[in-house]
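Scroll down for the structure; my scribbles are underneath it.
Letters A, B, ... mirror the listed sequences (proteins, then strands); counts begin at 1.
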2 protein chains.
Amino acid sequence: MSTDTSTESGLNLQPFESPCCVPAEGKDILQAEEAELLASHFKALSDPNRLRILSIVSANKDSETCVCDLPEPLGLKQPTVSHHLKILVEAGLLHREKRGVWAYFSVVPGALESLSAALVAKK
Amino acid sequence: MSTDTSTESGLNLQPFESPCCVPAEGKDILQAEEAELLASHFKALSDPNRLRILSIVSANKDSETCVCDLPEPLGLKQPTVSHHLKILVEAGLLHREKRGVWAYFSVVPGALESLSAALVAKK
DNA sequence: TGCGTATATCGACGTTTGTCAATCTCTGAC
DNA sequence: GTCAGAGATTGACAAACGTCGATATACGCA
């Protein structure tokens, strides 16, 4: 990266080479794979209707939430709700249990907490 | 949902109507506006390259990070990096300070922590 | 067996997103 | 004033996303 600066040893003021700051790479930086994984989790949380689904489901901790209760408060049609639920389940945030014809959902214990911790403990 | 139930007026016991669970709405559920706001923040975190930018910037806390250092470790072109930086700034996660020709970025104090808290304190 | 219902899946559509080449704006140096 | 470089903006494009109607699947009941 140095062109022909004669005295490169002692001086730290560079004419045009690296005038701003240090590269800051190769250290304990979030790697591409980890970033991809973490981003996929946040993507599951990046839709307002999915956040509201999580809120509703986590509101009744004792009794699980069934799908049939979600379309009305959300103002969404049943296929759309099913689509969002699938995304939340695949993200590991919701647990699906099918009993008979009905499907009941509950928040996976510790899932939100671990995501929350990843936010503050970001390297 | 009701086909041809003759007496639809006063009765609240439904033969096939609500067999699963309670509606669980109208309580302390995440409202649409709050959900929209929260989702917009998580959307800023839902891209792996933006997470890596946050990681790099937060890695050198003392000295801020300049834009010119980001394209190389990320493998992105300068306009793309600028685009992601804009999203992070508008989400309130990064602070931009332009000194001369260069722009330096730093993590907004408490921004990630407040998001992290919203995750576990979800109603 | 056959019917009604709850949920999942499919297909389509408009919208949003990530990326980059090209260009513009601004600043410092000569 | 002129020039060079840093970074922001624009426009374009493919890919991904959210939504919903239509349909399929699975289960309980008579």
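Contact annotation: B/Arg96 reaches the phosphate of D/dA8 (side-chain N/O to OP1 or OP2, under 4.0 Å). Proximity of A/Thr80 to the phosphate of D/dG18: no side-chain N or O atom is located under 4.0 Å from OP1 or OP2. At the phosphate of D/dT9, OP1 or OP2 sits under 4.0 Å from a side-chain N or O atom of B/Lys86. For the OP1/OP2 pair of D/dA6 and a distance below 4.0 Å, the side-chain nitrogens and oxygens of B/Arg99 include no atom meeting the criterion. Residue A/Arg50 places at least one side-chain N or O under 4.0 Å from the OP1 or OP2 atom of D/dG18.
Nucleotide D/dA8 holds its P atom 14 Å from the CH2 atom of B/Trp102, rounded to whole Å. One can place CD1 of B/Ile87 at 9 Å from P of C/dT19, the figure rounded to the nearest angstrom. Taking atom NE2 of residue A/His83 and atom P of nucleotide C/dT9, one finds them 12 Å apart after rounding to whole Å. Between B/Leu74 atom CG and C/dC20 atom P there is a gap of 11 Å when expressed in whole angstrom units. Between the CD1 atom of A/Ile53 and the P atom of D/dT19 there is a distance of 9 Å, given to the nearest Å. The NE2 atom of A/His84 sits 18 Å away from the P atom of D/dA16 (whole-angstrom rounding). The distance from atom CG of A/Asp47 to atom P of D/dC17 is 11 Å, rounded to the nearest whole Å. Computed from coordinates, the A/Lys77 NZ to C/dC13 C1' distance equals 17 Å when rounded to whole Å.
At a threshold of 4.0 Å, the pair B/Glu34-A/Arg52 does not count as salt-bridged, since none of the basic side-chain nitrogens sits closer than that to a carboxylate oxygen. A salt bridge is absent between B/Lys43 and B/Glu36; no separation between the charged side-chain nitrogens and carboxylate oxygens falls under 4.0 Å.
Which of C/dA6, C/dT27, D/dA22 sits closest to the side chain of A/Val101 comes down to C/dA6.
Under the 6.0 Å distance and 45° angle rule, B/Arg96 does not count as a cation-pi partner of B/Tyr104.
For the residue pair B/Ser46/A/Ser46, the side-chain donor-acceptor check at 3.5 Å is not satisfied.
In terms of polar N and O atoms assigned as donor or acceptor, the side chain of B/Gln78 comes within less than 3.5 Å of the base of D/dA8 in a complementary pairing.
Looking at heavy-atom distances under 4.0 Å, B/Leu76 makes contact with sugar-phosphate atoms alone, never a base.
Legend: residues meeting salt bridge (Lys or Arg N to Asp or Glu O under 4.0 Å) with A/Glu33, ordered by chain and number and at least two apart, are absent.
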